[in-house]
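We name chains A, B, ... by the order of the sequence lines, and we start the count at 1 in each one.
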Amino acid sequence: MSDVRVRFAPSPTGFFHIGSARTALFNWLYARHTGGTFVLRIEDTDKERNTEEALRVLMDGMKWLGLDWDEGPEVGGDHGPYFQSQRSDIYREYLQKLIDAGRTYEKEGAIFFRLEGERYTEYDDYKKCEVEKVRTTPQIIDDQVRGRVERAEEKDFVLYRSNGEPVFHFVNVVDDISMGITHVIRGEDHLSNTSKHCELFRALGAEPPVFAHIPLILKSTGPGKMSKRDEGALIEDYQKNRFLPAAVRNYLCLLGWSPKDDSEVLPIDEIIERFDFDGINSGNARFDEKKMAHINAEYIRQLPLETLAWMVSPILVEEGLVDDSTDEDYLQDVLRVSQEKMTALNALPALIGFFFSNDYAIDEKTQGRIFKKGDPLARIRELIPLIEAEESFTADSLDASIESLAESQGFKKFEYFPVARFAVSGAGGGPDLLPMISTLGRHRVLERFQNFLEIHATSTS
RNA sequence: GUCCCGUUCGUCUAGUCAGGCCUAGGACACCGGGUUUUCAUCCCGGCAACAGGGGUUCGAAUCCCCUACGGGACGCCA
């Protein structure tokens with residue numbers, strides 16, 4: 001166990017933003033990499049939007065991504081409480097230190113932090129008024145991602161609001177000190193706050209922690225950082241859309257961090273082993289939903305069959321495709337022949353629904369194509385006796401049988417494939433045809449061929 | 001407006017810290033071909049980038065400066 005202590009300090013807002021998730025992830029990775037401690041601290045000072053439900057969303061999201069915390073809500077720890085709303089006494093105590101040191105003053109009911117240095121007044125173009133500024137000595141931040149950053153704070157700032165509540169900058173620093181945080185890994189949007197925080201650390205007699213400001217995640221298109229309204233911005237959406245958490249986590253690792261050797265899909269243990277500050281990029285990263293989907297698809301295809309079955313069953317049950325009476329082996333067979341064509345679990349009912357139900361969608365485009373040329377009805381009529389007679393009913397034997405049938409009719413075997421596929425599944429694509437027919441079994445195939453003939457014999461003649 | 005950070009294919013990135021190995025590599029996307037004239041898989045191929053300008057140097061994607069562009073911060077929000 002190393003003495004590294006990192007924290008993720010979200011404010012529960014009712015959703016779990018992908019940027020926050022990535023910050024949590026990087027902190028978690030660093031803690032696991034170093035054998036340190038990952039603290040979850042809840043910044044629930046904004047009473048309006050902090051609800052039990054909001055906290056749930058956050059913790060569920062973290063657990064879903066596999067980000068377990070060593071100290072914090074539900075698990076406790078020696079540095080609690082882990083909710084800011086329960087730490088008022090601690091904040092008062094630290095405020096007293098600043099008061100005793102003469103670093104505070106009161107104005108309009110609020111308590112301000114007093115910077116040290118020469119004072120002057122200047123027109124502020126942003127605030128559109130005269131403000132008092134201070135020439136302070138710049139704070140030097142030895143950032144692990146950006147290198148040396150120098151920034152001078154120039155205005156006194158509020159520590160306690162006139163309503164008696166402490167502000168973010170103050171509680172954040174106090175919590176980091178009192179919880180013994182050694183490394184602060186957070187978004188680059190906090191970089192310019194850091195001079196403020198360093199002032200506070202030093203005024204409180206504490207050495208600032210090591211900082212690492214990680215790049216922001218930008219919208220996939222258009223300007224600015226990812227906002228909660230953007231497509232793919234919320235972890236809840238990935239949960240809902242049945243993404244594999246490990247895949248989402250893997251993709252997030254790759255946004256702003258690189259293993260340096262061209263590998264992308266990596267088991268989490270290996271990422272933990274290789275994760276470090278020098279692999280973190282300094283430029284912001286644009287979110288790419290296509291790549292996210294691609295990585296998700298790779299994960300799905302890599303799943304062992306039993307795991308896949310275990311994950312997929314509830315989805316199929318929910319869709320009414322499978323129930324207790326469904327044959328386990330049949331389900332396994334279906335998944336075995338379909339897995340290589342899977343790209344997203346929420347698209348699964350559409351991909352393999354026809355294996356379980358006769359009530360599947362008919363793809364109009366494919367139907368149009370099938371009937372445009374040749375004689376699909378005749379092809380199916382020719383196939384029926386073959387299906388009835390075919391003995392071993394394996395993909396290979398079916399292939400051979402169809403091949404010789406085609407030969408005897410003066411066709412290429414491909415003349416039969418698209419028609420058979422459509423007759424049996426209503427689709428133009430799907431698992432490889434022969435394994436698919438073999439899996440469906442003689443009975444289902446014949447049933448659907450007959451059905452196909454009945455429907456189209458009347459409508460087309 | 002001020003301050004801070006950044007800038008390699010459309011996107012994520014390798015290479016930059018320790019200048020020559022870079023006619024700049026990989027992946028996603030896209031395009032073409034093949035894989036059972038299905039397909040969402042797989043294989044092969046292709047397209048495509050060092051933001052611009054000055055230096056330093058025998059030599060710069062790599063070091064320095066300027067400009068441009070992008071991002072962030074500037075709350076009694078967090």
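- Contact annotation: A:Lys196 does not reach the phosphate of B:G75 (side-chain N/O to OP1 or OP2, under 4.0 Å).
- In this pair, A:Tyr30 and A:His183 present their aromatic rings tilted. The plane angle is within the 30 to 60° band.
- The stretch residues 337-349 of chain A participates, sequence neighbours left out, in these side chain to side chain donor-acceptor pair (under 3.5 Å) pairs: A:Lys341-A:Asp432.
- A:His294 has its NE2 atom 7 Å from the P atom of B:C42, to the nearest Å.
- Counting any heavy atom pair closer than 4.0 Å across all strands shown, A:Pro215 reaches no nucleic acid atom.
- Take A:Asp262 and apply the salt bridge (Lys or Arg N to Asp or Glu O under 4.0 Å) test, not counting sequence neighbours, and it matches no residue.
- Residue A:His213 is classed as having no contact, given no heavy-atom separation below 4.0 Å to the nucleic acid.
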Sugar-phosphate or base contact per nucleotide [nucleotides 4-12 of chain B; S, B, -; heavy atom under 4.0 Å]: SBS----SB
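- One finds a side-chain N or O of A:Lys127 lying less than 4.0 angstrom from the OP1 or OP2 phosphate oxygen of B:G75.
- Remark on RNA chain B: of its neighbouring residues A:Asp399 and A:Glu298, the 5'-side contact belongs to A:Glu298, judged by nearest-heavy-atom nucleotide.
- What separates CZ of A:Phe414 from P of B:U37 is a distance of 4 Å, to the nearest Å.
- A distance cut-off of 5.5 Å between ring centres, combined with a plane angle under 30°, places A:Tyr126 in a stacking arrangement with the base of B:C74.
- At a threshold of 4.0 angstrom between heavy atoms, the contacts of A:Asn193 include nucleobase atoms, whether or not backbone atoms are also involved.
- Of the two residues near RNA chain B, A:Asp124 and A:Asp261, the one whose nearest nucleotide lies more 5' is A:Asp124.
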